[in-house]
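Counting starts at 1 for both ligands and their atoms, in listed order.
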Amino acid sequence: MYNRKPIAENIFHVGVNDRQKSLFENYLPLPKGVAYNSYLIVDEKIALVDTVDISFADVYLTKIEAILGERSIDYLIVNHMEPDHAGSIGLLRQKYPNITIVGNAKTFDMLNGYFHIHTQLHEVKEGDTLSLGKRTLTFYTAPMVHWPEVMVAYEDRDNILFSADAFGTFGTIDGDYSDACINTDCFWDEMRRYYACIVGKYGTPTQSALKKIASLPVKIICSTHGPVWQQEIVKVIDLYDKWSRYEAEEEGVVIAFGSMYGNTQQLTEAVAEGVVAGGIKNVVIHNVSKTDSSFILSDVFRYKGLIIGCPTYMGGVYPLVEKLLSAIECRGIKNRLYTCYGSFTWAGAAVKRLTAFSQTMNWELVGTPVENKQAVTKEKYQSGFELGQEMAKRLKLLHP
Ligand SMILES: Cc1cc2nc3c(=O)[nH]c(=O)nc-3n(C[C@H](O)[C@H](O)[C@H](O)COP(=O)(O)O)c2cc1C
Ligand SMILES: [Fe+2]
Ligand SMILES: [Fe+2]
């Protein structure tokens with residue numbers, strides 16, 4: 001009926017794929033869908049780790065029943081209260097009235113607020129353990145990765161980390177949940193986009209959480225989204241470490257531009273030609289009107305260089321670029337090499353605002369921003385080209 005292959009002896013993946021939803025949190029595109037993972041540990045005591053979005057409760061409960069039959073569940077471990085994981089808690093309590101819910105004080109505040117559940121609770125604090133028989137879970141709080149109540153649970157026998165959203169990714173699980181059995185190439189960009197959009201603001205709390213788990217001999221990571229990581233553990237932890245320190249993954253430049261009538265786009269071509277002429281091969285150009293800002297944000301996490309261009313619009317910055325600036329500022333992305341350019345017809349304002357953004361972000365401003373009035377002149381095209389070259393030169397200084 002479905003894949004009942006255990007992750008380890010008597011530990012089962014009972015999560016579901018969401019191939020319907022278009023927008024995660026109602027604003028982030030899901031071209032490859034998303035999975036909500038939940039895990040069932042069958043020991044002397046039976047524990048369920050997190051639940052799934054309520055829309056999938058039917059198939060979810062069926063999966064659990066297929067493993068447990070008439071047996072009940074002793075514990076529901078709630079690592080995270082966001083509704084994509086907490087959604088089915090109320091139903092589970094109805095179906096398994098004797099279930100004890102395991103969480104911390106912050107979990108229970110939310111549990112009461114959302115589900116009016118305040119009985120049969122087992123509160124855990126940092127480092128507390130819960131014996132299930134042969135297996136024992138130890139709990140570590142991971143506040144603000146990416147909600148305040150988030151915690152992770154570590155299983156000591158097979159060294160499994162139930163990590164809540166940490167190490168999660170957009171994208172459904174196609175055919176098998178294990179990273180050892182599938183081609184994982186499709187996940188890396190989506191994992192970065194998930195991190196950038198959802199966790200990206202919380203670099204410091206993520207670093208604290210990584211320090212806590214560094215001492216654990218983790219062999220399997222069971223996140224609430226995406227594959228179960230077994231083969232790629234070193235890679236996923238390394239990526240999380242890089243991203244949460246706001247360190248770029250590789251040499252390259254993101255150029256994000258807005259343009260209504262093509263003038264700023266011409267400057268974009270000039271700047272990109274300059275960057276490549278300067279020896280940088282990784283150049284990604286995003287038109288803010290065509291590419292959702294979540295994909296651009298993901299590339300800002302990926303590359304060290306960022307160049308933004310747009311026209312002046314009603315005395316300010318083109319609206320979709322303003323949206324991107326706000327998304328970047330909210331995440332507090334650090335240490336980027338940055339410059340900008342733009343165009344106007346009667347009174348330029350965009351380049352001034354885009355230039356000031358380097359101060360807002362405390363980023364190094366590379367070269368002199370280029371501002372073009374009306375049709376793009378040869379001279380301005382050349383200035384755009386040189387600006388791109390400046391960026392390449394500055395990047396090359398980092399890795400001579
Ligand atoms: C709705 C609208 C508002 C604009 N507001 C300003 C403005 O406040 N100041 C200005 O100098 N130009 C303004 N412009 C002119 C554009 O900035 C100018 O045409 C620019 O070259 C457009 O660049 P693009 O060809 O890349 O779209 C405005 C244009 C539009 C359509
Ligand atoms: Fe979440
Ligand atoms: Fe989630």
Side-chain angles (χ1 to χ4, degrees), residues 15-16 18 21 24-26 28 30 33-38 49-54 56 78-88 106-107 110 114 142-152 162-172 190-191 193-195 197-202 205-206 209 222-226 255-271 285 287-289 308-322 340-354 370-377 380-381 384:
V16 297
D18 188 340
K21 190 176 277 176
F24 191 76
E25 295 179 356
N26 230 353
L28 298 164
L30 287 174
V34 66
Y36 314 118
N37 296 334
S38 168
V49 183
D50 291 311
T51 77
V52 303
D53 189 294
I54 186 74
F56 295 86
V78 179
N79 281 335
H80 183 23
M81 277 297 295
E82 193 173 356
D84 53 337
H85 311 295
S88 302
K106 287 176 189 157
T107 324
M110 296 180 189
Y114 281 110
M144 298 322 297
V145 185
H146 62 118
W147 276 27
E149 83 298 358
V150 171
M151 61 182 198
V152 299
F162 296 97
S163 66
D165 280 337
F167 313 112
T169 165
F170 295 131
T172 48
E190 283 297 78
M191 189 178 182
R193 190 166 67 95
Y194 181 91
Y195 179 87
C197 297
I198 291 162
V199 190
K201 180 178 170 64
Y202 305 106
T206 303
C222 291
S223 163
T224 45
H225 300 286
I255 305 177
F257 78 99
S259 182
M260 298 173 284
Y261 299 110
N263 295 291
T264 316
Q265 185 179 326
Q266 280 189 57
L267 283 179
T268 304
E269 309 292 357
V271 170
I285 299 180
N287 178 347
V288 293
S289 305
I308 301 181
C310 75
T312 294
Y313 192 92
M314 295 183 187
V317 164
Y318 187 57
L320 294 176
V321 168
E322 192 63 59
C340 59
Y341 58 95
S343 53
F344 70 103
T345 293
W346 63 93
V351 170
K352 195 169 163 217
R353 159 90 175 101
L354 289 177
V370 176
E371 187 171 36
N372 182 78
K373 184 175 179 180
Q374 297 157 3
V376 177
T377 60
K380 287 290 173 182
Y381 198 96

Which ligand 1 atoms does [X] reach within 4.0 Å, using its non-hydrogen atoms?
X	value
Y261	24 (P), 25 (O), 27 (O)
T264	23 (O), 24 (P), 26 (O)
S259	24 (P), 25 (O), 26 (O), 27 (O)

Out of [options], whose heavy atom is nearest to [atom]?
atom	options	answer
atom 20 (C) of ligand 1	S343, G348, G315, G342	S343
atom 9 (N) of ligand 1	G258, P319, A347, A349	A347
atom 7 (C) of ligand 1	F344, Y313, W346	W346

With heavy-atom distances below 4.5 Å as the criterion, would you say the side chains of [X] and [Y] are in contact?
X	Y	result
M110	V78	no
F170	L28	yes
K380	Q266	no
Y313	V321	no

Which heavy atom of [X] sits nearest to which heavy atom of [Y], and what is that distance?
X	Y	answer
Q374	N263	O-OD1, 3.8 Å
V288	A256	CG1-CB, 4.5 Å
E149	T107	CB-N, 3.7 Å
M191	G168	CG-O, 3.5 Å
H146	D165	NE2-OD2, 3.1 Å

Using 2.8 Å as the cut-off, note every protein N, O or S atom close to the Fe ion (ligand 2). H80 NE2, E82 OE1, H146 NE2, D165 OD2
State whether R353 and E322 are salt-bridged, where the test is any N-O pair (Lys NZ or Arg NE/NH1/NH2 against Asp/Glu carboxylate O) under 4.0 Å. yes
At what distance is the nearest protein heavy atom to [atom], and which residue and atom is it?
atom	value
atom 22 (C) of ligand 1	P311 CB, 3.5 Å
atom 3 (C) of ligand 1	M314 N, 3.5 Å
atom 18 (C) of ligand 1	T345 OG1, 3.1 Å
atom 16 (C) of ligand 1	T312 O, 3.6 Å
atom 27 (O) of ligand 1	M260 N, 2.5 Å

For Q265, is at least one N or O under 3.5 Å away from an N or O on ligand 1? no
Does A164 offer a backbone N or O that forms a donor-acceptor pair with the side chain of S223 under 3.5 Å? yes
Less than 3.5 Å apart, any donor N or O on the side chain of Y341 or T268 sitting next to an acceptor on the other? yes
